[in-house]
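Source: prediction; values computed, not measured.
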Amino acid sequence: MNFPLFLEKNPELAIRLSFIDFKLYYTGVLSRSDLIEEFNISEITASRIIAEYKTIRENNFHYNQSEKKFFINSNEFVPFLNISAEDALSMLAGGFDRNKIVKKKAFIKFEKIGVDTNPLCNEKVAIITRAIYQNLMVSCVYNSAAGRELFDRDLAPLVILYDGINWIFRANHLGASGDVKYKNFNFSRIISIIEKPNKVGREYGLDYDILWNSIVPLEIEINDDLDDSEKERVRRDYGMSDDASKILMTERAAFVWIILNQWKIRYSGNEKLLGDNYLLELKNESMLKKVGAIS
């Protein structure tokens, strides 16, 4: 039996079963307390719902007596609920959202612009998010940003990020040489991935990620070659006050490269790409290079 049939028969139960399915698939772990806290139910009711899930997806999970938790059988898992990887990531970040499960009529009309030519793979995303939740390693083949090379990488994924366009995860790259151990990886560039049973210690975590823990200033200036009307348009688009010529902001050093490229801010790293066709320019590049925010 699948989700649509359950939803028609018993909507409340369907939502609760979908929560179990979601939690197992994207974190790898489920406890009775997860259900108790999410739905404000008793332990007995939580046990009954888990038993109901077992009748329809018996091979999806097993119980670990020592930890008193249920763990995914990843090689046998058959989803009860099919949702997009993007919706799953959004719920992992913001909490379980039944409105993403049961598509209700919107209050006002909404359309998403553009065609998603490279939708995220649920299985690849789930392997990474399970690794984050359980402090595990993954091994993957990753396509570099330049798109010319494929790299085998052993990673300890740590956190998911969203820049408004791309879903990203930050990880400790165990095979990296030098000081650059922590890097941002785009979910969509993963070619293949397998999960590994290796637990990673606290020494691989974000506490030791210097760029993650460093807050740096960005001094961004409007291109002085723009005429007055173009400068005024830039001020409106970026929320600048009248007659202002600079944007002063602070951000994690780990995010600087993302911001510079997404906003198309001119600096030495992209000046050949942008040429003279730019709106904003980075003014404190040398300082950001010193701290390692950009190379």
Side-chain angles (χ1 to χ4, degrees), residues 1-63 69-134 160 162 166-167 169 187-188 190 192-193 195:
M1 186 171 286
N2 56 25
F3 176 75
L5 292 174
F6 254 99
L7 187 63
E8 184 178 349
K9 179 182 177 182
N10 189 333
E12 183 179 54
L13 179 59
I15 293 295
R16 294 175 176 183
L17 293 176
S18 67
F19 173 81
I20 294 175
D21 200 69
F22 168 79
K23 185 72 168 51
L24 279 172
Y25 192 49
Y26 287 99
T27 72
V29 186
L30 174 79
S31 65
R32 289 180 178 85
S33 62
D34 292 329
L35 284 159
I36 293 168
E37 293 171 8
E38 181 66 34
F39 298 106
N40 194 26
I41 57 178
S42 68
E43 185 173 349
I44 292 175
T45 301
S47 296
R48 288 174 179 168
I49 297 168
I50 293 171
E52 183 71 39
Y53 182 82
K54 188 174 183 179
T55 64
I56 59 171
R57 292 293 188 274
E58 181 179 4
N59 296 325
N60 277 7
F61 65 126
H62 65 276
Y63 185 67
K69 293 180 180 179
F70 299 90
F71 288 83
I72 187 173
N73 295 332
S74 57
N75 292 331
E76 301 178 65
F77 193 89
V78 177
F80 168 69
L81 174 71
N82 291 311
I83 60 173
S84 70
E86 290 82 359
D87 280 347
L89 286 166
S90 178
M91 288 197 290
L92 287 167
F96 185 73
D97 184 353
R98 65 187 65 205
N99 289 323
K100 291 186 182 296
I101 307 301
V102 182
K103 303 297 184 182
K104 295 183 178 180
K105 186 176 180 181
F107 289 111
I108 60 176
K109 192 170 181 60
F110 166 80
E111 292 289 340
K112 185 177 180 180
I113 300 172
V115 178
D116 191 355
T117 58
N118 189 20
L120 299 180
C121 170
N122 290 66
E123 183 179 3
K124 293 173 184 175
V125 167
I127 289 174
I128 293 165
T129 57
R130 291 199 295 263
I132 293 173
Y133 194 84
Q134 299 181 66
I160 57 175
Y162 184 62
N166 303 297
W167 282 100
F169 66 98
F187 278 99
S188 66
I190 297 170
S192 62
I193 186 168
E195 42 197 337

Original post:
salt bridge (Lys or Arg N to Asp or Glu O under 4.0 Å) with K100: which residues, sequence neighbours excluded?
Top reply: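 Scan of K100 (salt bridge (Lys or Arg N to Asp or Glu O under 4.0 Å), adjacent residues dropped) gives D87.
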Restricting to ring pair (Phe, Tyr, Trp, His ring centres under 6.0 Å), what partner residues turn up for [X], sequence neighbours left out?
| X | answer |
| --- | --- |
| F61 | Y53, F70 |
| F19 | F39, F96 |
| F187 | F169 |

Under 4.5 Å between any side-chain heavy atoms of [X] and [Y], yes or no?
| X | Y | result |
| --- | --- | --- |
| R57 | I20 | no |
| F77 | L24 | yes |
| I190 | I127 | no |

Residues forming a side-chain contact (heavy atoms from CB on, under 4.5 Å) with [X], sequence neighbours excluded:
| X | value |
| --- | --- |
| A46 | R32, L35, I36, I41 |
| N82 | P79 |
| E52 | F6, L13, L17, T55 |

Could you report the tightest heavy-atom contact between [X] and [Y], atom names first, then the distance?
| X | Y | result |
| --- | --- | --- |
| N122 | S84 | ND2-C, 3.8 Å |
| A88 | Y26 | CB-CZ, 3.4 Å |
| I72 | H62 | O-CE1, 3.9 Å |
| D97 | M91 | N-SD, 3.2 Å |
| L81 | S18 | CD2-CB, 3.7 Å |

Could you list the residues that satisfy side-chain hydrogen bond (donor to acceptor under 3.5 Å, both in side chains) with [X], not counting sequence neighbours?
| X | value |
| --- | --- |
| D34 | K23, S31 |
| T129 | none |
| Q134 | none |
| S90 | none |

To the nearest 0.5 Å, what is the distance between [atom1] ([X]) and [atom2] ([Y])?
| X | Y | atom1 | atom2 | value |
| --- | --- | --- | --- | --- |
| K54 | I56 | NZ | CD1 | 13.0 Å |
| N60 | L30 | CG | CG | 11.5 Å |
| I50 | Y63 | CD1 | OH | 9.0 Å |

Original post:
Has the side chain of N59 got a donor or acceptor atom that lies under 3.5 Å from a matching backbone atom of E76?
Top reply: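 Answer holds: no.
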Original post:
Tell me the salt bridge (charged side-chain N to carboxylate O under 4.0 Å, His left out) pairs involving residues 119-131, sequence neighbours left out?
Top reply: R130-E195
**OP:** Show your working on side chain to side chain contact (heavy atoms under 4.5 Å, CB included) between Y162 and L89 and close with a plain yes or no.
**Re:** CA-CA 9 Å; Y162 184 62; L89 286 166; over 6 Å; no
